[in-house]
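Worksheet for the structure shown next.
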Amino acid sequence: MSEAKDFLEMVREKRRKVRRMEEALAENTARAFTERVQTSNKSTIDATLAALEEERQKLVDAQNELKDMTERAKALINTVREDEVTWQILWHRYILGESWKEMSARLHYSRTSLYLKLEQGLGLIQERLNTTEHD
C-alpha cells in the first residue's frame, strides 16, 4: 500500500474508534447515573465519576487527534481537486467516512467504478507526494 492510502485508512479507522468511544461513554454515563440513584455509597459514586472523567478525557484526546489527522487528510485529498469526481469519491470515503454502498447511492456510480476511481486518485496523491519529496 502507498503512504497516502495507509494514512487515509488510518483516518477512517480513527473515526470509527472515536465513534465507538463516544457511544461507550454515553452508555457508561447513563449506566452510572442509574446506579447512582440505586446506591448511596459515596466511595462507589466517586470511583464511578472518576472513571467516567478519565474515559471522557481519553475521548477528547482521540477527538483532537482525529481533528488533526482529518485536516492532513483534507490537504492530501485537495491535491486532486481538479478532478471533481475523484475528489468527491476520496472526500466521501475518507473525510465523511461513507461506506461503498452509501457512496454508490449518493454519487450514482457502481461500487466497482468508485473503487477504481478511488485507487486512481490514491495513486495520483502518492505520485504528487513523491514529487514533492524529491523537489
Side-chain angles (χ1 to χ4, degrees):
M1 252 195 266
S2 70
E3 178 185 335
K5 184 174 183 176
D6 289 346
F7 175 74
L8 292 170
E9 288 296 334
M10 283 176 33
V11 174
R12 280 182 53 79
E13 181 55 37
K14 185 65 154 186
R15 182 175 292 103
R16 284 191 294 268
K17 180 180 178 183
V18 167
R19 283 186 189 140
R20 287 191 306 268
M21 291 173 75
E22 290 167 342
E23 291 166 0
L25 180 59
E27 289 172 12
N28 292 340
T29 300
R31 188 176 320 115
F33 283 108
T34 301
E35 291 171 4
R36 182 176 176 194
V37 170
Q38 297 172 354
T39 185
S40 60
N41 184 338
K42 183 168 174 22
S43 64
T44 302
I45 293 169
D46 289 345
T48 300
L49 292 175
L52 283 173
E53 178 55 29
E54 183 179 336
E55 189 176 350
R56 187 195 66 77
Q57 187 56 54
K58 287 180 181 177
L59 173 58
V60 167
D61 293 344
Q63 287 169 328
N64 288 335
E65 185 178 354
L66 176 59
K67 181 181 176 188
D68 292 343
M69 291 173 75
T70 300
E71 289 305 312
R72 182 171 172 220
K74 286 177 181 179
L76 284 175
I77 292 168
N78 282 336
T79 64
V80 296
R81 189 70 172 114
E82 75 281 356
D83 182 341
E84 184 67 23
V85 172
T86 300
W87 179 84
Q88 280 189 17
I89 292 167
L90 290 162
W91 193 268
H92 284 268
R93 182 75 174 161
Y94 295 113
I95 303 305
L96 301 179
E98 292 182 358
S99 68
W100 293 113
K101 183 178 180 179
E102 292 167 325
M103 290 169 48
S104 182
R106 181 183 309 273
L107 301 173
H108 308 289
Y109 283 93
S110 71
R111 291 183 194 187
T112 302
S113 295
L114 289 171
Y115 183 79
L116 291 172
K117 203 71 166 144
L118 180 120
E119 288 297 317
Q120 177 186 3
L122 290 170
L124 187 56
I125 290 171
Q126 188 62 49
E127 186 179 300
R128 290 179 178 175
L129 277 176
N130 293 343
T131 301
T132 303
E133 290 172 0
H134 295 299
D135 287 347

Spacing of Lys17 atom NZ and Glu65 atom CD [to the nearest 0.5 Å]
7.5 Å
Glu127 side, atom CD; Leu122 side, atom CG - distance, nearest 0.5 Å:
12.5 Å
For Gln88, which residues count as a side chain to side chain donor-acceptor pair (under 3.5 Å) partner, sequence neighbours excluded?
Glu84
Is there a path of hydrophobic side-chain contacts, each under 4.5 Å between heavy atoms, that joins Leu66 and Met10?
yes
Hey, could you give me each pair passing ring pair (Phe, Tyr, Trp, His ring centres under 6.0 Å) that has a residue in residues 68-87? Not counting sequence neighbours.
Trp87-Trp91
Would Leu8 end up clustered with Leu116 when hydrophobic side chains under 4.5 Å apart are linked, directly or stepwise?
no
Can you tell me how far the CG atom of Leu25 sits from the CD atom of Glu27, to the nearest 0.5 Å?
10.0 Å
Quick one: which residue pairs count as a ring pair (Phe, Tyr, Trp, His ring centres under 6.0 Å) with a foot in residues 101-122, not counting sequence neighbours?
Trp100-Tyr115
Under-4.0 Å salt bridge between Lys58 and Glu54:
yes
Who pairs with Arg128 by side chain to side chain donor-acceptor pair (under 3.5 Å), at least two apart in sequence or on another chain?
Glu82
d(Ile77 CD1, Ile95 CD1) to nearest 0.5 Å is 4.0 Å
Qualifying ring pair (Phe, Tyr, Trp, His ring centres under 6.0 Å) pairs, either residue in residues 55-74, two or more places apart:
none
Would you call Arg15-Glu98 a salt bridge at under 4.0 Å N-O?
no
Tell me, please, which residues at least two apart from Glu23 pass side chain to side chain donor-acceptor pair (under 3.5 Å).
none
Is the backbone of Glu3 close enough, under 3.5 Å, to the side chain of Gln126 for a donor and an acceptor to pair up by distance?
yes
Can you find a pair of side-chain heavy atoms, one from Arg16 and one from Arg12, that are under 4.5 Å apart?
yes
List the steps, then state whether salt bridge (charged side-chain N to carboxylate O under 4.0 Å, His left out) holds for Arg20 with Glu13.
CA-CA 11 Å; Arg20 287 191 306 268; Glu13 181 55 37; 3.5 Å; yes
If I compare all heavy atoms of Val80 with all of Gly121, which pair ends up nearest, and what's the gap?
CG1-O, 4.2 Å
Show, in sequence, the C-alpha distance, side-chain angles and deciding distance for Arg56 and Thr29, and conclude whether the side chain to side chain contact (heavy atoms under 4.5 Å, CB included) test is met.
CA-CA 10 Å; Arg56 187 195 66 77; Thr29 300; over 6 Å; no
Would you call Leu76 and Leu90 a side-chain contact if the rule is heavy atoms closer than 4.5 Å?
no
Looking at Ala32 and Thr48, what are the two nearest heavy atoms and their distance?
CB-CG2, 3.4 Å
Under 4.5 Å between any side-chain heavy atoms of Thr86 and Leu124, yes or no?
no
Starting at CG of Leu59, measure out to CG of Leu52 and round the result to the nearest 0.5 Å.
12.0 Å
Would you say the side chain of Val11 lies within less than 4.5 Å of the side chain of Lys14, judging by non-hydrogen atoms?
no
Met21 side chain reached by Glu55 side chain, heavy atoms, under 4.5 Å:
no
Heavy-atom side-chain contact between Glu22 and Gln63 under 4.5 Å
yes
Considering non-hydrogen atoms only, spot the tightest contact between Arg19 and Leu96 and give its length.
NH2-O, 3.9 Å
How long is the span from the OG atom in Ser99 to the NE2 atom in His92, to the nearest 0.5 Å?
12.0 Å
